[in-house]
Amino acid sequence: MKKYWIAAVAGLLFFSGSASAQAELKIPAAYIAIGDSLAAGQTPEREIDAGYADMIAQELSRNQPVAFYSKNLAFPGFTTADVLDSIQSDEAKSVLASANLITVSAGANDLLRLVQDDPAQGSLTFQQIQADFALNEARKNMELILAELTELSPNADVYVMGYYFAYPHVRDSQKYGTAKQLDRLNEILKRSAEKAGATFVSVDHSFGDEAVDKIPNAADVHPNAAGYQAMANAFFGEYQETWTVEDFELPSPNPLTFEQIMEAQEQKGDGGQEEEGSEAEETALRPSAGSPTGYLALREALPYL
C-alpha cells in the first residue's frame with residue numbers, strides 16, 4: 001500500500017510540474033528493449049521467460065500510461081554487431097520510429113565468447129589480445145548503435161544496460177582477470193552512453209562477485225528472476241527512483257523453450273497466422289526472420305548473454 005501511495009503522490013507532482021524528475025517522463029510510454037539474451041529474458045535453464053525488460057514494462061504500466069512494449073529486437077547470442085544489424089532492418093526502423101523509451105543490452109557476447117569456463121574445475125581462461133580487440137569492436141559498434149538510435153528514435157530516452165560478473169561459482173583466484181575485463185566493458189558502455197546523451201545503468205553493484213543466489217547455474221551465465229529484478233530496479237534507480245519491482249510483483253514463471261520459439265518462427269516463415277495474444281508474440285524473435293546468426297543462437301542454445 002505504501003508503494004502505491006508514493007506512486008500516487010509522485011503522479012500529482014508530475015501533473016503539477018513541481019518535480020523535475022517526473023517532468024521528464026514520456027506519456028504514454030512506448031518502450032522497446034533491444035539487445036542480447038538478457039533483454040530477451042533467457043533463464044539459467046536456457047529458456048525464454050520474463051526478464052528485466054518485462055519487469056520494467058510491468059512496473060511502467062503500474063505507474064504511467066503505456067502505449068506499447070516490445071522485446072522483439074532482442075535475441076540470444078547477439079553481439080554488438082548483430083544488434084547494430086538488427087536495428088537497421090526495415091521492420092525495426094518502423095517500430096523504433098515510435099519509441100520514446102529504449103533499453104540496450106549489448107557488448108557481453110563480444111567478450112564472453114572468448115572466455116573458456118570450466119565449471120568442474122572452477123576456472124576461467126581467455127587471451128588478453130583477443131579481449132582487447134573484442135572490447136574495441138564493442139566500443140565502435142556501441143557508438144554506431146547509439147548514433148543509429150538517435151536517428152531512428154529521435155524522441156526516445158535511451159538507457160544502456162551495464163553487465164554483472166557472470167561467474168560467481170568459479171574459484172576466487174580465477175575471478176579477477178575476467179572481472180577486470182567486464183569492468184572495462186562497463187566503462188566503455190558508460191562512456192559511449194555519455195557521449196551519445198544516453199543514460200548508463202550500472203547493475204554490477206547489485207550482483208557483486210558472489211551472486212550465486214542470482215546466477216544459480218554454474219554452467220550458465222544467465223540470471224534467475226531475482227537477478228532480473230535487480231537489473232530492473234537498477235534501471236528504475238535512473239528512471240524513477242521511487243519505483244521498484246517488489247518481490248510480490250514478480251511475474252509467474254511461464255518459460256518457452258528454444259524449440260517452441262523456433263517452431264513459432266518457422267510457422268511464421270511458412271505463412272501461418274499466429275493467434276492474437278499468443279505466447280509467441282511475447283518471445284524475443286528477431287524481426288528479420290531469416291537471420292543465420294539468430295537461428296544459430298537458438299539451435300545451439302549459446303550460453304552467452
Side-chain angles (χ1 to χ4, degrees), residues 3-4 6-8 10-17 19-35 38-41 48-75 83 86-105 145-146 148-161 196-199 201 228 231-245 249-251 254 268 274-288:
K3 172 182 176 179
Y4 298 105
I6 292 174
L12 291 173
L13 290 173
F14 166 72
F15 287 111
S16 68
S20 59
Q22 292 283 349
E24 297 175 359
L25 294 181
K26 303 294 179 68
I27 303 293
Y31 172 37
I32 303 293
I34 70 175
L38 293 185
I48 296 295
D49 204 347
Y52 76 78
D54 304 280
M55 296 180 191
I56 288 172
Q58 175 182 275
E59 188 66 18
L60 288 173
S61 68
R62 293 180 186 275
N63 292 280
Q64 67 175 100
V66 176
F68 68 86
Y69 154 66
S70 174
K71 62 177 183 180
N72 284 354
L73 294 177
F75 206 94
V83 173
S86 73
I87 65 174
Q88 292 173 332
S89 69
D90 291 338
E91 299 93 334
K93 289 179 180 179
S94 63
V95 174
L96 289 169
S98 302
N100 58 26
L101 175 61
I102 297 173
T103 55
V104 184
S105 283
I145 289 168
L146 295 176
E148 193 79 12
L149 290 177
T150 298
E151 295 294 324
L152 296 174
S153 308
N155 299 317
D157 293 331
V158 179
Y159 291 79
V160 177
M161 303 296 293
T199 301
V201 178
Y228 282 123
M231 295 184 70
N233 285 335
F235 164 83
F236 283 114
E238 299 292 339
Y239 184 76
Q240 287 290 299
E241 62 182 3
T242 59
W243 300 0
T244 57
V245 179
E249 295 174 327
L250 293 178
N254 185 31
K268 290 182 68 176
E274 294 181 0
E275 295 181 3
E276 184 176 355
S278 67
E279 286 185 329
E281 186 63 24
E282 300 298 323
T283 66
L285 299 179
R286 186 175 181 178
S288 47

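One is the number of the first residue; the rest follow in order along the sequence. Treat the numbers as computed from the prediction; the structure is a model and nothing was measured.
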Practice item. Given side-chain hydrogen bond (donor to acceptor under 3.5 Å, both in side chains), test Asp49 with Tyr228 step by step and report yes or no. Key: CA-CA 11 Å; Asp49 204 347; Tyr228 282 123; over 6 Å; no

Practice item. Report the residue from Val245, Leu38, Val201 that forms a side-chain contact (heavy atoms from CB on, under 4.5 Å) with Tyr52. Key: Leu38

Check your understanding: Given Glu59 and Asn63, is the side-chain hydrogen bond (donor to acceptor under 3.5 Å, both in side chains) satisfied, shown in steps?
Key -> CA-CA 7 Å; Glu59 188 66 18; Asn63 292 280; 3.1 Å; yes

Check your understanding: What is the distance from atom CD1 of Ile48 to atom CG of Asn254, rounded to the nearest 0.5 Å?
Key -> 12.5 Å

Point to revise | Contact summary for Gln64 and Ile27, nearest pair of heavy atoms | key: NE2-CD1, 3.6 Å

**Study point:** Residue pair Asp54 / Ile56, side-chain heavy-atom distance below 4.5 Å
**Key:** no

Point to revise | Residue pair Thr199, Val158: steps toward the side chain to side chain contact (heavy atoms under 4.5 Å, CB included) verdict | key: CA-CA 6 Å; Thr199 301; Val158 179; over 6 Å; no

Practice item. Find out whether Pro251 and Met55 are in side-chain contact, i.e. whether some heavy atom of one side chain is under 4.5 Å from a heavy atom of the other. Key: yes

Check your understanding: Do you know which two heavy atoms are closest between Ala198 and Val160, and how far apart they sit?
Key -> CB-CG2, 4.4 Å

Check your understanding: Hey, mind stepping through Asp157 and Lys26 against side chain to side chain contact (heavy atoms under 4.5 Å, CB included) and telling me if it holds?
Key -> CA-CA 9 Å; Asp157 293 331; Lys26 303 294 179 68; 3.6 Å; yes

Review point. Does Gln88 reach the main-chain N or O of Lys93 with its side chain, forming a donor-acceptor pair under 3.5 Å?
Key: no

Check your understanding: Just wondering, do Leu73 and Leu96 contact through their side chains at under 4.5 Å, heavy atoms?
Key -> yes

**Study point:** Side-chain touch Val104/Met161, heavy atoms, less than 4.5 angstrom
**Key:** no

Review point. Distance from Ser98 atom OG to Ile32 atom CD1, nearest 0.5 Å?
Key: 8.0 Å

Point to revise | From Ile145 atom CD1 to Ser86 atom OG, the distance as rounded to the nearest 0.5 Å | key: 7.5 Å

Check your understanding: Roughly how far apart are Asn72 CG and Ile34 CD1, rounded to 0.5 Å?
Key -> 12.5 Å

Check your understanding: Got a donor-acceptor contact below 3.5 angstrom from the Asn100 side chain to the Ser153 backbone?
Key -> no

Exercise for review: Kindly determine whether Tyr31 and Thr103 satisfy side chain to side chain contact (heavy atoms under 4.5 Å, CB included), including the steps that lead there.
Suggested key: CA-CA 8 Å; Tyr31 172 37; Thr103 55; 2.8 Å; yes

Exercise for review: Looking only at non-hydrogen atoms, find the nearest pair between Ala156 and Ala99 and report the distance.
Suggested key: CB-O, 3.5 Å

Check your understanding: Going through the checks in order, is the side chain to side chain contact (heavy atoms under 4.5 Å, CB included) test met by Trp243 and Leu60?
Key -> CA-CA 9 Å; Trp243 300 0; Leu60 288 173; 4.0 Å; yes

Check your understanding: If only atom types and distance count, is the side chain of Lys71 paired as donor or acceptor with the main-chain N or O of Ala40 below 3.5 Å?
Key -> yes

Check your understanding: Does the ring-ring contact (aromatic ring centres under 6.0 Å, His included) test come out yes or no for Phe235 and Tyr159, once each step is laid out?
Key -> CA-CA 8 Å; Phe235 164 83; Tyr159 291 79; 4.9 Å; yes

